[in-house]
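The analysis underlying the following values was restricted to heavy atoms, covering all of them including side chains, and did not include hydrogens, waters or symmetry mates. The model shown is predicted, which means the values in this text are computed figures rather than measured ones.
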Amino acid sequence: MVVHARAPGWLVALNLAMLVILSMLVARTWFWDQGLPREQLLALRLVRQQIEEEYVTPPNGEDLAWSAIEGMVSSLDRHSQFIRPDFVEAFEEDTTGAYVGIGILMATDVAPVTVQFPFVGGPSERAGLRVGDQILAADGVPLVATAERSANAVAHENLTGPTGTKVVLKVQRAEAAPFEVVVERGRVQTPSVKWARLLAPQHGVGYLYLSSFQQRSAAEIRDAVADLRAQADNDLRALVVDLRYNLGGLLEQAVDVSNLFQAQGAIVSLKRRNAEVERRDADPERCAFPDLPLVLLVNEDSASASEVFAGAMQDHERAVLVGTRTFGKGLVQSIYRWEELSFRLKLTTAHYYTPSGRSIQRIGEPGHDGVRGGIEPDRVVRLDNKKERSDLKSLLQRGQDVPRRYSAEVKELSQRLDLTMTRPPGPESDAQLAAALEEALRQIGVAVEPPSSGGGG
């Protein structure tokens, strides 16, 4: 039998102290190797320690650390952002237009919670939910209004959840007895083309509203144009694309959308910190509408990816721009993700330039070129009334077109429940849209009356 002699207590303590000192030296050396300034690191430790020991309300140490990182990133510019784990889901939904849920549009201010229509190809449609179904409960929780929240808000909270999880719905359909439907939650892509219709059916002029540049924006525009062509008996002669209040989105989609209408030449150039220039050119094989006359509607809230698209179309004289000067964001952000880490980093990594070499970065923003910034439309039309602009934004962004397969059922439902169906404004009440229609008609050789002096510029 081998017996290990026990070391004296003082020797154990000495070894432990040496190990701690060695660990501190290794950590300190590692920090220095990373180029992190010693004094600032010391300040961070001391200030955090003082806050945790003395601040009048005991703070959450984890929140303090996240806030320090957020402050570091936000000090760079207004567009860079650190997204802590708790906010990643909302961030991803905002940037991609996708969320995890059951995929229905609920009728507004209707009790019980009523399905206006299920999203085409979504979880609810696959599970058999129909237009007009009333959802009484989810997993046994009644979907009714409370003092603080509407019934629809309660429904949203109980219907969303992790991908692959299931929710049991209690459904009332017409006069039949309530029954259960099991829906497996999944990724639901909200459309970026909110509205598509014919503005002037007799002349074949189409209109679509693009709310943001999401993962399927180019594909959605292709589908919308095909649908408009069908409505126009295959005689779609011009198109108005509305980019007002479109704050941007994915750069690659801005390139793809531009390529739909542009057959060759540069779409955008990116310049990174090492002066490397990356040019994105049009691919002739991906140009679907090379000769379709085009008008773009823009305003002061058309930004980023919207300006990439508008700048390419204007520089190549591919479209007429109508509205007011765009926002002026000539910066590109990259999204960084790390394996097994749940936070995100959105970081400004490049400036972009239109095909003619213009930087549209506005004054007061990093990298501005000393000019006013933004893109000046070919025809300036202002909406000076603040309420008019607010109402327009609400109408454009609040709703969306009903899928064609459900249009008759939704129309019947709206009449039965006396629902007010949201529709975008027409040329008769939207001076900028009226001007865009005039420009589209001019491009196809249709005579129009001279524009009135009111509302223009």
Does Lys393 form a side-chain contact (heavy atoms from CB on, under 4.5 Å) with Leu396? I'd like the steps, not just the answer.
CA-CA 5 Å; Lys393 181 178 180 179; Leu396 288 174; 6.0 Å; no

Determine, stepwise, if the pair Leu347 / Phe82 fulfils side-chain contact (heavy atoms from CB on, under 4.5 Å).
CA-CA 8 Å; Leu347 192 66; Phe82 175 78; over 6 Å; no

Between Asp281 and Ile267, is a side-chain contact (heavy atoms from CB on, under 4.5 Å) present by the stated rule, with each step listed?
CA-CA 5 Å; Asp281 290 336; Ile267 293 174; over 6 Å; no

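Summarising the local packing, CG of Asp109 is surrounded by 12 or fewer heavy atoms from other residues, nucleotides or ligands at distances under 6.0 Å. Residue Tyr55 places its OH atom among 12 or fewer non-hydrogen atoms of other residues, nucleotides or ligands, all under 6.0 Å distant.
By the 4.0 Å N-to-carboxylate-O rule, Arg344 lies close enough to Glu92 to be salt-bridged with it. The existence of a salt bridge linking Glu125 and Arg405 is confirmed by a sub-4.0 Å separation between a basic side-chain nitrogen and an acidic carboxylate oxygen. By the 4.0 Å N-to-carboxylate-O rule, Lys329 lies too far from Glu307 to be salt-bridged with it. Salt bridge status for Asp384 with Arg382: absent, with no side-chain N to carboxylate O gap under 4.0 Å. The pair Lys194-Asp401 does not meet the salt-bridge criterion, since no charged nitrogen lies less than 4.0 angstrom from a carboxylate oxygen. Salt-bridge annotation for Asp391 and Arg389: absent, with no side-chain N of the basic residue lying under 4.0 Å from a carboxylate O of the acidic one. Comment: Arg126 does not engage Glu184 in a salt bridge, judged by the lack of any side-chain N to carboxylate O separation of less than 4.0 angstrom.
Ser302 places no side-chain N or O within donor-acceptor distance of the main-chain N or O of Asn246, the cut-off being under 3.5 Å. Between the side chain of Gln253 and the backbone N or O of Ser217 there is at least one donor-acceptor pair closer than 3.5 Å. Under a 3.5 Å cut-off, the side chain of Arg318 and the backbone N or O of Ala312 do not form any donor-acceptor pair. With Asp63 contributing its side chain and Pro59 its backbone, the two residues share no donor-acceptor pair below 3.5 Å. Looking only at distances, a side-chain donor or acceptor of Asp315 sits under 3.5 Å from a matching main-chain atom of Ser356. Side-chain atoms of Asn259 come within 3.5 Å of backbone atoms of Asp283 as a donor-acceptor pair (strictly under, hydrogens ignored). For Thr146 (side chain) and Glu148 (main-chain N/O), a donor-acceptor pair under 3.5 Å exists by modelled atom type. Put simply, the side chain of Thr354 gets close to the backbone of Arg358: a donor and an acceptor are under 3.5 Å apart.
A donor-acceptor contact closer than 3.5 angstrom is absent between the side chains of Arg216 and Gln189. For the residue pair Ser192/Glu220, the side-chain donor-acceptor check at 3.5 Å is satisfied. No side-chain N or O of Tyr245 forms a donor-acceptor pair with one of Glu300 less than 3.5 Å apart. At a cut-off of 3.5 Å, with distance as the only test, no side-chain donor of Ser269 or Arg279 sits close to an acceptor on the other residue. Checking Asp77 against Thr348 by side-chain atom types alone, a donor-acceptor pair falls below 3.5 Å. Side-chain atoms of His316 and Gln262 form a donor-acceptor pair, as typed in the model, at a separation below 3.5 Å. Counted by atom type alone, Ser212 and Gln214 present one or more donor-acceptor pairs between their side chains at under 3.5 Å.
The cationic atom of Arg197 (NZ for Lys, CZ for Arg) lies less than 6.0 Å from the six-membered ring centre of Tyr207 and within 45° of the ring axis.
Side-chain atoms of Phe117 and Ile104, non-hydrogen and from C-beta on, never get closer than 4.5 Å to each other.
For the salt bridge (charged side-chain N to carboxylate O under 4.0 Å, His left out) condition, the pairs that include at least one residue of residues 254-275, sequence neighbours left out, are Asp256-Arg286, Arg272-Glu278.
The shortest non-hydrogen separation linking Ile360 to Gly330 is CD1-N, 3.6 Å.
Taking the six-membered ring where the residue is Trp, Phe261 and Phe289 present tilted rings, their angle falling between 30° and 60°. Using cut-offs of 30° and 60° on the angle between ring planes, the pair Tyr99 and His156 is tilted.
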